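First the structure, in the form of structure tokens, and then the observations on it.
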Number of protein chains: 2
Amino acid sequence: MNALKMDTQEKIIKVAHEVFVEKGLQGARMQEIADRAGINKALLHYYFRSKDQLFDAVFQKVINEVLPDFAQTIRNVDDVPKLIFSFVSFYNQFFQKNPQFPQFFFHEIWQNPDRIAHVILAEEIHPDRMLQNLRSRLPDVYPSEFLPQHMIANVMGMCLFPHIARPLFQRIFFQNDEKEYNRFLSERTDFLIQMLKGLGETHNPEMDVRPSDDF
Amino acid sequence: MNALKMDTQEKIIKVAHEVFVEKGLQGARMQEIADRAGINKALLHYYFRSKDQLFDAVFQKVINEVLPDFAQTIRNVDDVPKLIFSFVSFYNQFFQKNPQFPQFFFHEIWQNPDRIAHVILAEEIHPDRMLQNLRSRLPDVYPSEFLPQHMIANVMGMCLFPHIARPLFQRIFFQNDEKEYNRFLSERTDFLIQMLKGLGETHNPEMDVRPSDDF
DNA sequence: GTCTATATGGCGATAGAC
DNA sequence: GTCTATCGCCATATAGAC
């Protein structure tokens, strides 16, 4: 495994990633991957026996790049506001650098949820502890009769939506203006953090529910 | 076009919808659609000349079923809290009845955004008016230096996330317990509405003079 | 390691009988 | 309208020379 082979292999994974993201597993063509990598189909099968295995390699690499950072981001955070802050910052930054990741990821979520769950749970992420932590540290303003999972769904949903719905959302609410949408995404991190920062700071027992800018 | 033909045609669209939802346009097989419909491939091409046209028919039907209701839901709503209430109720109810719609829809968003945008804008939905209305009626608690699109992204994201991320989210945070997740989804409508209800109660009364615009 | 050439199979689509 | 049979193509995968 010399330097040349490494280069070719990495080149393949790089362009395969692009094609898989654009077309999905079924829509991707080995020919197109070979063309973009400047090689031929036979060489693809030399490095990765099959299309499926190539896809696995690509997906594994992507996951292994993002997940440790993410796990580190949410680990050892002892209060909810800080956790949210870290989460929002990390996610928005990551998605802006990898705009097509959500599409790629959600495709797999539906085609291969078991593998993804397995990969994720292999990391130092413990959902039960996370939930327990959330439940005990959620501020008084959070209605205790509701599951803490709602909080996770809220934050993740608000972070994800502009990216996963981008092609349509940009067309409808930004006249398909690429630059305007990027400005929207840029300011969104600040917006979310400012909107969420009050959470946990002011505990007013008289209020059942604080206004939505907490969330 | 007698009753028998109608039945066959509708049966095809019904099962085609299922297969397209499960596998996507590229992943779907005409053979599988024919099998599930209890007919053969040739008959598929008799009713719909090509796979693409079959897909168009399916997609158009889905859109035409949901969009008018949705447009009606958000039309003639004159204040933001009521709009959010209607939106959340409608969306959660719809998604619970059509759990795989988000997957289907988001696949198309990336493969064919223009067609979807065209279909949506053909309805009586006017994004510009909607934004203008939002901007003028957003309560004081909403930081005015931010775009009103954030509010839309927030509500949509929070509604969508549990459905579009379900296969993974259910595995990780609900031990893949189907019934528990359904209870989570059921209570989520109440949760979101209760969480969002404070929004707009503090807004400036001077802005309420205008009669309601269509969105 | 990289190539050309080819095998193999599957898929969309059509022809034509009934 | 519905079927059987088949065409033609294209994609994955392999064989084998260099």
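Lettering follows sequence order; numbering is per chain, from 1. This structure is a prediction, so every number in the text was calculated from the model and none was measured.
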What heavy-atom pair brings B:Ile109 and A:Pro167 nearest, and what distance separates the two atoms? O-CB, 3.4 Å

Which label fits A:Phe169 and A:Phe161: parallel for a plane angle under 30°, tilted from 30 to 60°, or perpendicular past 60°? perpendicular

Using whole Å, what does the distance between atom P of nucleotide D:dT2 and atom NZ of B:Lys11 come to? 12 Å

For a quick check of understanding: with a heavy-atom distance under 4.0 Å over all strands, which category does A:Ile39 fall into, base, sugar-phosphate or nothing? sugar-phosphate

May I have the distance from B:Phe48 (atom CZ) to D:dT2 (atom C1'), rounded to whole angstrom? 15 Å

Under 3.5 Å, is there a donor on one side chain and an acceptor on the other for A:Gln96 and A:Asn92? no

Is it the case that the side chains of A:Asp128 and A:Gln132 hold a donor-acceptor pair, with the cut-off being a distance below 3.5 Å and no angle test? no

Across all chains, not counting sequence neighbours, the salt bridge (Lys or Arg N to Asp or Glu O under 4.0 Å) partners of A:Asp114 are B:Arg171

Reading 5' to 3' through nucleotides 4-18 of chain D, protein heavy-atom contacts under 4.0 Å coded B for base, S for sugar-phosphate only, - for none: B------SBBBB---

